[in-house]
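Reviewing the structure listed below.
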Protein chains: 2
Amino acid sequence: MQTLLQFIRSQPVGGVLSKADWGNNDFLGVAARVYKPHSVICRQDDDDDRIFIVKSGWALLYRGLPSGERQIIDTPLGGDIVGFRSVDGPRFASLASITELAVYETSRKELVEAVLSEGRLGNKIACSLARLNAILAEHLVNVGRRNAMCRTAHFLLELDERLSKAGLSTHGRYECPLTQHELADILGLTTVHVNRTLRELRKADLVSFRAGHVEVINRKKLVNTAGFDGEYLK
Amino acid sequence: MQTLLQFIRSQPVGGVLSKADWGNNDFLGVAARVYKPHSVICRQDDDDDRIFIVKSGWALLYRGLPSGERQIIDTPLGGDIVGFRSVDGPRFASLASITELAVYETSRKELVEAVLSEGRLGNKIACSLARLNAILAEHLVNVGRRNAMCRTAHFLLELDERLSKAGLSTHGRYECPLTQHELADILGLTTVHVNRTLRELRKADLVSFRAGHVEVINRKKLVNTAGFDGEYLK
DNA sequence: CGATATGTTGAATACGGTCAAAAAGTGTGG
DNA sequence: CCACACTTTTTGACCGTATTCAACATATCG
């Protein structure tokens, strides 16, 4: 289980902060909160300045369009920062829990103050945002230049890699609470086509996703068809 | 013309750094460099740790795929940071100039050191990365959930907004050195389809892009069809 | 058990891709 | 200034992946 302290001490800052520096849970007005499954934690266009660091559980960060469609930007997992913006103003994405979700909450104001007075935290935040950048860039490549098969394969491998680090995936097997509809909104596809693509991936003995359980069957072939290189997740 | 000092002093840090704090051009081992048009400045998979801050000119940040296709991640413009990663290791994107490109170059090592010792810089970097995040997220929405028309319209409006801030666009008119092929790699389309889409946008009297010159014809209608809201660019 | 969300399948359609060729623009050197 | 090569833009015909629409099956949950 990742705590805020662990987050701050984790790579690449690598434990330069002592426990005494920060305390454990009560550092910079941070509140630990737990949300029920399928709660909306913050809404696009809201004007609060809360910032979240995911402790455990699954969440969705998404943008809704006037047409009613939505694009899921990311599925933040343990240790990920959500909601840090360059300036104050209305949020441009919503955050919702899928499973029960534990988060640390602080405010932009407080976090910026802490960053200003403690360079190590600033560095940690910057690195964390840089990683998120890399993930978003890869999602962009996925949606922009890979077909449904590769795209889906790639995302399932990304999840495997991200969950492995939290000990939530072993030997290519992990629990994934996403529905096919949510998967579609992540991959820029329709629900129907996601369904067909998953069937093909199963038939081709590459990866199986059924009843919330993902199982990588032939990693070599899967990595190859996805064109996956996990370097960007470091 | 945006200088590094201006970048650091710009919103949202807003001039909290005095000129004396940083000097002008010689702060943290920064070298100002100028690249010729169509130079490759750094390559995907290279293992150097250079970081760039764009001073002036147009650049492309892109990822190549095994198939030979590529997805352009962003078109960094004045003040944007390029190449900051969470850890050392091979780059996952290439950077190339389109026009003559002036950049400040430093290294990850030096920048991190500076961030650690000076919170205001850390905050500035974090905010800059947060803004880049928002741009990438919007690109993802664009490619994932908008059709060719909206997508193209949206991107041309984004450029208008970004260039306006640098004084490079007035009254919806700006010079854009991108080829239709490059535009295609940004939008996740083919060159042929970009060509047809631009023709339609022109015929619909929304926006015209010819011979490197963009002209917003009917902003209201254009904003509407694109579903554009520039909030994310702040 | 009935209601609602999720998953599955088929048939028809459309948006954007592929292939191919020509036209227009740009730059270079003789 | 023109000839030549090359890049960029434009257009047409055809094709394919993913969407749309519709119906039904299967979980899930109060």
Side-chain angles (χ1 to χ4, degrees), chain A residues 36-38 58 60 65 67-72 96-100 142-156 175-204 208-214 225, chain B residues 36-38 58 60 65 67-72 96 98-100 142-156 175-204 207-214 225:
Chain A
K36 292 207 176 76
H38 303 288
W58 286 70
L60 294 177
L65 297 179
S67 61
E69 295 174 292
R70 69 170 179 178
Q71 173 69 42
I72 294 174
S97 65
I98 302 180
T99 62
E100 184 171 279
N142 226 14
V143 174
R145 282 288 178 247
R146 286 195 261 252
N147 64 24
M149 261 279 208
C150 305
R151 212 185 286 187
T152 309
H154 194 280
F155 181 68
L156 291 177
E175 300 307 311
C176 174
L178 297 172
T179 65
Q180 292 184 1
H181 183 68
E182 286 160 342
L183 208 48
D185 283 340
I186 290 167
L187 299 172
L189 298 169
T190 57
T191 311
V192 173
H193 201 62
V194 164
N195 183 283
R196 289 173 180 147
T197 305
L198 288 176
R199 170 155 42 101
E200 281 194 57
L201 285 170
R202 228 181 296 125
K203 258 199 270 185
S208 138
F209 180 7
R210 301 199 87 142
H213 186 82
V214 175
T225 61
Chain B
K36 291 208 176 74
H38 303 288
W58 286 71
L60 294 177
L65 296 179
S67 61
E69 296 173 292
R70 70 171 180 178
Q71 173 70 41
I72 294 174
I98 302 180
T99 62
E100 184 172 278
N142 226 13
V143 175
R145 283 289 178 246
R146 286 196 262 253
N147 64 25
M149 262 278 208
C150 305
R151 211 184 287 186
T152 309
H154 194 283
F155 181 69
L156 291 177
E175 300 307 311
C176 174
L178 297 171
T179 65
Q180 292 184 3
H181 183 68
E182 286 159 342
L183 209 46
D185 283 340
I186 290 167
L187 299 172
L189 298 168
T190 55
T191 310
V192 173
H193 202 63
V194 164
N195 183 280
R196 287 171 181 148
T197 305
L198 288 176
R199 172 155 42 97
E200 282 194 57
L201 285 169
R202 228 180 295 125
K203 257 199 269 184
V207 58
S208 138
F209 180 6
R210 300 199 88 140
H213 186 82
V214 176
T225 61

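Keep in mind that what you see is a predicted model, and the values were worked out from it rather than measured. Side-chain atoms are counted along with the backbone in the values below, which use heavy atoms only and exclude waters and symmetry mates. Chain identifiers are assigned alphabetically (A, B, ...) following the order of the sequence lines, protein sequences preceding nucleic acid strands; residue numbering begins at 1 within each chain.
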For B:Leu187, the option from B:Arg151, B:Arg146, B:Gln71 that meets side-chain contact (heavy atoms from CB on, under 4.5 Å): B:Arg151
Which of the following nucleotides, [options], is nearest to the side chain of [X]?
{"X": "A:Gln180", "options": "C:dG7, D:dT9, D:dT20", "answer": "C:dG7"}
{"X": "B:Arg196", "options": "D:dA18, D:dT9, D:dA13", "answer": "D:dA13"}
{"X": "A:Leu189", "options": "C:dG16, D:dA18, C:dG10", "answer": "D:dA18"}

Step by step, work out the side chain to side chain contact (heavy atoms under 4.5 Å, CB included) result for B:Thr191 and B:Thr179. CA-CA 9 Å; B:Thr191 310; B:Thr179 65; over 6 Å; no
More 5' along DNA chain D: A:Asn147 or B:Asn195, using each one's nearest nucleotide? B:Asn195
Taking for each residue the nucleotide of DNA chain D bearing the nearest heavy atom, is the 5' side occupied by B:Arg145 or by B:Val192? B:Val192
Using modelled atom types only, decide if a donor and an acceptor are shared between the side chain of B:Thr99 and the backbone of B:Trp58 within a distance under 3.5 Å. yes
Under 3.5 Å: donor-acceptor pair, side chain of B:Asn195, backbone of B:Leu198: no
Atom [atom1] of [X] and atom [atom2] of [N]: how far apart are they, to the nearest Å?
{"X": "B:His38", "N": "D:dT8", "atom1": "NE2", "atom2": "C1'", "result": "12 Å"}
{"X": "B:Arg146", "N": "C:dG16", "atom1": "CZ", "atom2": "C1'", "result": "18 Å"}
{"X": "A:His193", "N": "D:dC21", "atom1": "NE2", "atom2": "P", "result": "17 Å"}
{"X": "B:Glu69", "N": "C:dG17", "atom1": "CD", "atom2": "P", "result": "10 Å"}
{"X": "A:Leu183", "N": "C:dT6", "atom1": "CG", "atom2": "P", "result": "13 Å"}
{"X": "B:Leu187", "N": "C:dG17", "atom1": "CG", "atom2": "P", "result": "10 Å"}
{"X": "A:His181", "N": "C:dA5", "atom1": "NE2", "atom2": "P", "result": "11 Å"}
{"X": "A:Glu200", "N": "D:dA18", "atom1": "CD", "atom2": "C1'", "result": "12 Å"}

CA sep, side-chain torsions, deciding dist, call: A:Phe155, A:Leu183, side chain to side chain contact (heavy atoms under 4.5 Å, CB included): CA-CA 9 Å; A:Phe155 181 68; A:Leu183 208 48; 3.7 Å; yes
Just call it for A:Gly188: base, sugar-phosphate, or nothing, with non-hydrogen atoms closer than 4.0 Å on any strand. sugar-phosphate
C:dG7 base to A:Arg210 side chain: any donor-acceptor pair below 3.5 Å? no
